[in-house]
Amino acid sequence: MATKKYLLGIFDDEITLMKAVKGVRAAGTKIYDVYTPFPVHGLDDAMGLRHTRLHTAGFLFGATGVLLMFLYITWINTVNYPIIVGGKPYFALPAYIPVLFEITVLSASVGMVIAYFVRNGLSPIRQEPPLDSRATDHKFVVAFDAEELSGEMDNVKELLAEHGASEINEKEID
Amino acid sequence: MNMSEHFQFTSGQKRNAFILMGIGALTLVIGIIMALSGNHTMQEKIWTGILTNNMFFLGLSLAGLFFIAVNYIGYGGWYVTVKRIPEAMSMFIPYMGVGMLVILIGLWAHWHHIYHWAAEGIADPNSPNYDRLIAGKVSYLNKPFFTIRIIAYFAIWTFFAYSLRRLSIQEDQLGGVSQYNKSKVLAAVFLIFFGITSSSMSWDFVMSIDSHWYSTLFGWYTFSTLFVSGIAAIILFTIFLKSKGYLPQVNQEHLHDLGKFMFAFSVFWAYLWFSQFMLIWYANIGEATAYFKARLDHYPFLFYMILVINFVVPFFALMTRNSKRQMGTLATIAVIVLIGHWFDYFLMIIPGATGNEASFGIFEIGLTIGYAGLFLFVVLKELTKTSLVAAKHPFFKESLEHHT
Amino acid sequence: MFVSPIREPLITGNKDYHQITEDIARPTEGRPQIGWIIGMGIAQVALLLGVFMMLWTIWYGIGTWNLNRTVGWGWDITNFVWWIGIGHAGTLISAILLLFRQKWRTGVNRAAEAMTIFAVLCAALYPGIHMGRLWVPFYIFPYPNTRAVWPNFDSPLLWDVFAISTYFTVSLLFWYIGLIPDLATLRDRAKSTLRKNIYKALSFGWRGSAKQWQRFESISLVLAGLATPLVLSVHTIVSFDFATSVIPGWHTTIFPPYFVAGAIFSGFAMVLTLMIITRKILHLEDYITIGHIESMNKVIILTGSIVGIAYTTELFVAWYSGNIYEQYAFLNRAMGPYAWAYWIMMTCNVFSPQLMWIKKLRRNLVATFILSIIINIGMWFERFVIIVTSLHRDFLPSSWTYYVPTFVEVGIFIGTLGIFFTLFLLFARTFPVIAIAEVKSIWRTSSNQAIEKFQQQEEAEAAAEKETATV
């Protein structure tokens with residue numbers, strides 16, 4: 001695999017980070033990604049990230065699951081093997097509600113979680129190494145793709161230093 | 001931002017409220033004339049109409065008081081910008097005390113027969129009115145004890161509503177945390193009383209109408225009805241004030257949270273509705289199913305409509321994040337929820353009180369409009385008495401900067 | 001963002017982000033303490049006893065549980081409901097408190113969620129071993145089969161299957177998703193290659209990128225929104241096991257929310273029991289503060305009072321109903337052969353939590369610890385009273401009987417305690433017991449330094465206002 005070069009601006013707290021991200025974007029520089037030890041409120045908007053549609057996926061999974069289960073239970077109890085239970089009609093909708101509710105929650109959750117893992121690129125085996133391992137501890141890392149910056153490198157370094165970066169590093173990943 | 005901003009109850013608004021009250025009064029007068037001329041149906045309609053509206057609007061007022069109390073003990077900060085609204089709503093409680101007094105007078109004078117347990121000779125084995133089942137509970141269901149309980153309810157609720165209101169006004173003038181701390185204690189004590197009385201009042205006013213029936217969930221079920229209706233009313237008052245240019249501090253964040261409450265408690269109401277219905281349906285025991293059979297057999301449209309309006313509509317309409325941040329959507333759903341829960345009370349009351357031929361018509365609409373006019377008048381009048389903004393509340397600044 | 005300084009700080013001790021990582025990660029590194037080893041030893045003994053008793057049951061049959069007409073459900077279902085109830089606190093803390101934006105949840109949610117998963121596992125054992133043929137458990141699922149049978153969708157026992165499977169799955173997923181960023185923290189701190197590789201696999205390659213966090217927050221919120229009704233539904237469906245019947249004392253419409261309130265009540269008590277010990281042994285008092293303990297005690301007063309009101313309501317309506325069987329059921333509870341169990345239940349559940357109205361007790365660790373144990377004993381008795389008193393004397397007096405458990409059942413119960421504590425101790429050694437990333441996210445507004453800053457800010461503003469007023 002070809003080596004990729006990154007420029008990293010390291011910050012010590014999220015407030016300085018937010019100002020820096022806004023400043024860098026205002027200067028028109030493209031940020032590769034930002035790594036933080038916890039979710040920083042407003043960072044995705046500051047970076048211009050599109051909102052996630054994970055909740056829509058969840059709703060669709062849930063709706064599909066419950067519809068299929070409803071048809072299944074109805075078919076079982078009215079067509080395939082109708083049995084009179086407790087004097088209730090074959091199609092005993094109040095009795096199905098608890099199961100249908102659980103299936104809705106189960107399908108929505110499992111579907112969304114799978115989507116989450118896929119979209120976030122999370123896998124126990126295929127992984128890219130973190131650019132700075134302190135990003136899961138106490139440092140806030142703004143990363144730029146060194147190739148995309150090319151001639152701008154020094155300007156960006158200056159910009160980062162102006163906005164309070166405590167370290168500015170270059171990193172190579174194979 | 002004007003911290004001492006007061007609501008100006010304009011003469012135009014007052015006039016509108018009086019028109020609504022006038023419609024109600026006119027409806028009532030015409031109804032009374034009809035009833036006195038021998039129209040029995042109208043006589044029943046008058047009394048059940050009064051009771052239904054008493055319950056509905058009492059529910060709204062109690063919900064306001066409960067909402068404040070619960071936020072005091074839960075250290076809630078976000079709601080402080082809208083706090084004056086539930087406070088004002090809670091001031092309506094004594095008015096519904098008068099409403100229930102009317103029912104009480106009608107009870108003692110035998111002008112209505114809503115409560116079968118009040119019939120003469122109900123506990124006398126030699127009387128043609130004797131009912132063995134009701135006779136067994138006549139030590140609870142009798143006119144004197146019933147009267148004492150009602151007086152106690154309104155005394156307790158009014159005491160706490162007025163006390164919390166007074167502390168809130170004092171806090172406006174004095175600042176500091178002393179009123180806040182006292183309010184916390186009052187709120188906690190109120191909630192103990194409310195926990196008991198909210199259930200027992202629903203047994204007294206509503207469950208005892210179907211005198212042979214009982215449901216241990218009934219008290220909590222009616223609580224969920226009143227609470228979600230109260231949230232809807234708070235939302236509507238908030239949006240009304242904002243539309244007149246007041247409450248600039250209330251933003252989408254606060255509305256979002258109110259919308260979340262309306263969504264969540266509509267779901268909670270449906271959960272309790274289903275629990276009560278399904279368990280009675282499942283065990284299929286006649287003395288319990290009779291309640292639902294009467295409603296499903298004779299009022300099926302209302303029965304299912306209540307479920308659709310109070311659960312299906314708010315559930316789908318308020319699911320997305322954006323829907324709860326738009327005043328138009330929130331207001332529409334709030335109105336629908338209020339109408340839906342009014343019918344909830346209606347269907348709880350009329351089958352047992354009037355039998356199987358009761359109807360909903362112009363009289364009910366007129367009377368409800370009248371009650372609404374009175375409610376609006378009293379609440380808006382209360383809002384003029386203090387600043388609209390509880391600026392000295394310790395959590396006010398948090399509420400201003402609230403972000404969901 | 002502003003937080004009113006009358007609130008207590010949720011992180012004390014002048015921590016910074018790195019210190020938070022250190023404090024919470026350290027217990028998973030290094031050698032196990034002697035206390036952990038002893039605890040593990042005791043738990044193992046209990047676990048082995050339980051396994052032995054379960055095998056005994058499967059070999060000899062349910063008769064070894066003294067279950068017969070009319071008490072077909074005894075310690076088994078009591079323990080089943082008890083464990084499920086305990087599990088509810090975890091989901092409540094994670095989900096409902098997230099929706100109510102109660103920041104104090106971040107100190108306890110990780111451990112509470114883990115507790116949920118372990119409790120549900122213990123609960124699920126019971127249907128497993130008492131359904132008859134443990135080796136064909138998949139029979140309960142509705143798949144097309146050659147036996148030409150379907151499960152009975154009209155039965156609450158089947159609803160239970162769906163409820164508990166869903167609850168276990170969703171709780172596990174919710175817990176694990178929250179764990180991933182913290183496991184990445186452990187990965188990046190790992191010194192040995194083996195440890196690093198294990199946490200690499202477990203943390204799924206988490207990097208903490210902005211987009212990852214965005215999806216993380218979205219899924220946390222949606223899962224919380226799903227888990228909240230799920231929590232309500234699970235114990236509701238468990239209550240349906242009783243309430244759908246016609247047995248006096250069982251068939252009552254208040255059971256669903258009453259069971260849920262009771263579950264939250266017992267769950268929070270168990271969280272308190274575990275947290276009071278954990279915070280001391282792992283030196284995490286700065287993250288699980290007395291304020292946290294007090295907040296949990298307030299939930300205990302609330303839910304305990306709801307349970308108390310439910311008891312009163314049941315008693316009143318039993319009389320009000322005029323139903324002689326219902327009336328006898330409650331009379332029998334208070335004054336019949338199991339009255340001792342009933343009054344233990346009342347004392348533990350209704351009277352003792354009311355002590356928490358006293359602020360000094362709410363903030364006292366010893367009082368809280370003792371009370372948390374009392375509550376769990378009380379809630380065990382509640383399920384026992386509901387199940388056994390209603391079954392041992394129902395409609396036909398000639399069938400009236402008296403049930404006592406056998407050593408087999410007691411052994412199984414002790415075994416589940418062993419399983420629970422084994423899992424919890426393993427959890428405390430391998431995973432961070434507090435949600436590191438979440439605690440860091442509230443540091444800016446709720447650490448003691450932040451509250452002091454807000455206090456100074458307010459005083460400065462008040463002083464400035466005084467100045468402009470006097471000018």
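Predicted model only: the values in this text are computed from it and were never measured. Numbers restart at 1 for each chain; the letters A, B, ... are given by sequence-line order, proteins then strands.
Ring pair A:F91/A:Y96 is perpendicular by interplanar angle, where above 60° counts as perpendicular and below 30° as parallel. Ring-plane geometry between C:F138 and C:Y143 is classed as tilted, the angle between the planes lying from 30 to 60 degrees on a 0 to 90 degree scale. Using the six-membered ring where Trp is involved, C:F162 and C:F153 have ring planes that are tilted, between 30° and 60° apart.
Most heavy-atom pairs under 4.5 Å with chain C, from the set A:M47, A:R134, A:R50: that is A:R50. Ranked by heavy-atom pairs under 4.5 Å with chain A, the first of C:Q19, C:R444, C:K200 is C:R444. The greatest number of non-hydrogen atom pairs below 4.5 Å with chain C, out of A:L106, A:L49, A:L43, A:I76, is found for A:I76. Between chain C and the options A:H55, A:K139, A:K88, A:E128, heavy-atom pairs under 4.5 Å are most frequent for A:E128. Your options are A:N77, A:N80, A:I125, and the one with the most heavy-atom pairs under 4.5 Å with chain C is A:N80. With chain A as the partner, the residue from C:F240, C:W150, C:W159 showing the most heavy-atom pairs under 4.5 Å is C:W150. Interface check for chain A: of the options C:S203, C:P181, C:P229, the most heavy-atom pairs under 4.5 Å are formed by C:P229. When A:P98, A:A108, A:P130 are compared by the number of non-hydrogen pairs under 4.5 Å with chain C, A:P98 comes out ahead. Among A:V110, A:V85, A:T104, A:D132, the residue making the largest number of heavy-atom pairs under 4.5 Å with chain C is A:V85.
Put simply, the residue from C:K103, C:R105, C:R110 that forms a side-chain hydrogen bond (donor to acceptor under 3.5 Å, both in side chains) with C:E438 is C:R105. C:R189 pairs in a side chain to side chain contact (heavy atoms under 4.5 Å, CB included) with only one of the listed residues (C:K196, C:E29, C:R195), which is C:E29. A side chain to side chain contact (heavy atoms under 4.5 Å, CB included) with C:P151 is found for exactly one of C:V161, C:L157, C:L158, namely C:L158.
Remark: side-chain polar atoms of C:S245 are paired, donor with acceptor, to backbone N or O of C:F242 under 3.5 angstrom. Not one N or O on the side chain of A:T36 forms a donor-acceptor pair closer than 3.5 Å with the backbone of A:P39. With C:H88 contributing its side chain and C:A263 its backbone, the two residues share no donor-acceptor pair below 3.5 Å.
No part of C:P156 comes within reach of chain A, as not one of its non-hydrogen atoms sits under 4.5 angstrom from that chain. Heavy-atom distances place both the backbone and the side chain of C:L230 under 4.5 Å from chain A. Of the two parts of C:D160, neither the backbone nor the side chain holds a non-hydrogen atom closer than 4.5 Å to a non-hydrogen atom of chain A. Residue contact with chain C, scored on non-hydrogen atoms closer than 4.5 Å, involves the side chain of A:D33 exclusively. Of the two parts of C:E217, only the side chain, counted from C-beta on, holds a non-hydrogen atom closer than 4.5 Å to a non-hydrogen atom of chain A. Of the atoms belonging to A:V141, not a single heavy atom falls under 4.5 Å from chain C. Residue contact with chain C, scored on non-hydrogen atoms closer than 4.5 Å, involves the side chain of A:Y72 exclusively. For A:S109, the parts sitting under 4.5 Å from any heavy atom of chain C are the backbone and the side chain alike.
With hydrogens and angles left out, the side-chain atoms of C:Y287 and C:D23 include a donor and acceptor closer than 3.5 Å. Between the side chains of C:E113 and C:S94, at least one donor N or O lies within less than 3.5 Å of an accepting N or O.
Between C:Y258 and C:F255, the gap from one ring centroid to the other is short of 6.0 Å. Ring centers of A:F140 and A:F38: under 6.0 Å apart, within the cut-off. Not less than 6.0 angstrom separates the ring centroid of A:Y6 from the ring centroid of A:F144.
Against chain C, the residues from residues 115-122 of chain A that qualify, each with a non-hydrogen atom under 4.5 angstrom away, are A:Y116, A:F117, A:R119, A:N120, A:G121, A:L122 in number order. Annotation: residues 22-31 of chain A contacts chain C through no residue [non-hydrogen atoms, separation under 4.5 Å]. The contact list for residues 166-180 of chain C toward chain A, using heavy atoms and a distance under 4.5 Å, reads C:T166, C:T169, C:V170, C:L173, C:I177, C:I180 by residue number.
Annotation: A:L71, atom CG; neighbour count of heavy atoms from other residues, nucleotides and ligands within 6.0 Å is above 12.
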_For a salt bridge (Lys or Arg N to Asp or Glu O under 4.0 Å) check, start with the C-alpha distance between A:E148 and A:K5, then their side-chain angles and the critical distance, and finish with the verdict._
CA-CA 10 Å; A:E148 287 190 17; A:K5 285 212 185 89; over 6 Å; no
*Would you sort out whether A:T16 and A:D13 count as a side chain to side chain donor-acceptor pair (under 3.5 Å), showing the intermediate values?*
CA-CA 6 Å; A:T16 324; A:D13 68 82; 2.8 Å; yes
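Across every non-hydrogen atom of A:T74 and A:T78, the tightest pair is O-OG1, 2.6 Å.
Contact check on C:K15 versus C:E22 returns no salt bridge, with no Lys/Arg side-chain nitrogen under 4.0 Å from an Asp/Glu carboxylate oxygen. With respect to A:D44 and C:K211, no salt bridge is recorded, no charged nitrogen being found less than 4.0 Å from a carboxylate O.
When the salt bridge (Lys or Arg N to Asp or Glu O under 4.0 Å) test is applied to C:R187, no partner is found at least two apart in sequence or on another chain.
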